Amino acid sequence: MNMTEDEATAIAWEAIEEAGGTRSIYRNPRQAFSAHSRRMIDVGEHKVEIRYGEISTPAVATVNGWVFEIHDEGIVLLIRPPKPR
């Protein structure tokens, strides 16, 4: 399914808010081997993966190939999905 950056951003924000907000995700690092180092959240028909950050890796939200880094006060686009050739 094709999705615009604005749509992906809105879906990621909704999932982040459901997970407790940016500070909750950014300020609560988990160990990589922890059973709770990532969380899947359904936003409508979309699945959003939230990966909690740790010292060496950022906290990220992924939706349909769009990857956003989660900071204290907001999110930043890291990766766009590849365009078909």
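From a predicted model like this one, the values you see are computed outputs, not experimental measurements.
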Next on the checklist: Main chain of Val67, side chain of Thr62: is a donor-acceptor contact present, judged purely on distance under 3.5 Å?
Outcome noted: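 The answer is no, because no donor-acceptor pair under 3.5 Å joins these two groups.
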Same apolar cluster (I L V M F W Y, side chains within < 4.5 Å links), [X]/[Y]:
{"X": "Met3", "Y": "Ile79", "result": "no"}
{"X": "Leu77", "Y": "Val48", "result": "yes"}
{"X": "Trp13", "Y": "Tyr52", "result": "yes"}

Next on the checklist: When you compare the side chain of Glu73 with that of Tyr26, does any pair of heavy atoms fall below 4.5 Å?
Outcome noted: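 The answer is no; the side chains never approach within 4.5 Å.
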Item to check | Between CD on residue Glu45 and CD1 on residue Ile11, distance to nearest 0.5 Å | outcome: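 Between atom CD of Glu45 and atom CD1 of Ile11 there are 8.0 Å.
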Checklist entry - Roughly how far, to the nearest 0.5 Å, is the NE2 atom of His46 from the CD atom of Glu14? => result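 Separation between the atoms: 10.0 Å.
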Which atom names give the shortest non-hydrogen contact between [X] and [Y], and what distance separates them?
{"X": "Arg39", "Y": "Ala19", "result": "NH1-CA, 3.3 Å"}
{"X": "His71", "Y": "Thr22", "result": "O-CB, 3.1 Å"}
{"X": "Arg80", "Y": "Trp66", "result": "CG-CZ3, 3.4 Å"}
{"X": "Asp42", "Y": "Glu18", "result": "O-OE1, 4.1 Å"}

Next on the checklist: Applying side chain to side chain contact (heavy atoms under 4.5 Å, CB included) to Ile41 and Ile50, what does each step give before you reach the verdict?
Outcome noted: CA-CA 8 Å; Ile41 297 175; Ile50 303 289; 4.0 Å; yes
Next on the checklist: Applying the side chain to side chain contact (heavy atoms under 4.5 Å, CB included) criterion to Val60, which one of Leu78, Ile70, Val76 satisfies it?
Outcome noted: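 When side chain to side chain contact (heavy atoms under 4.5 Å, CB included) is applied between Val60 and each of Leu78, Ile70, Val76, only Leu78 qualifies.
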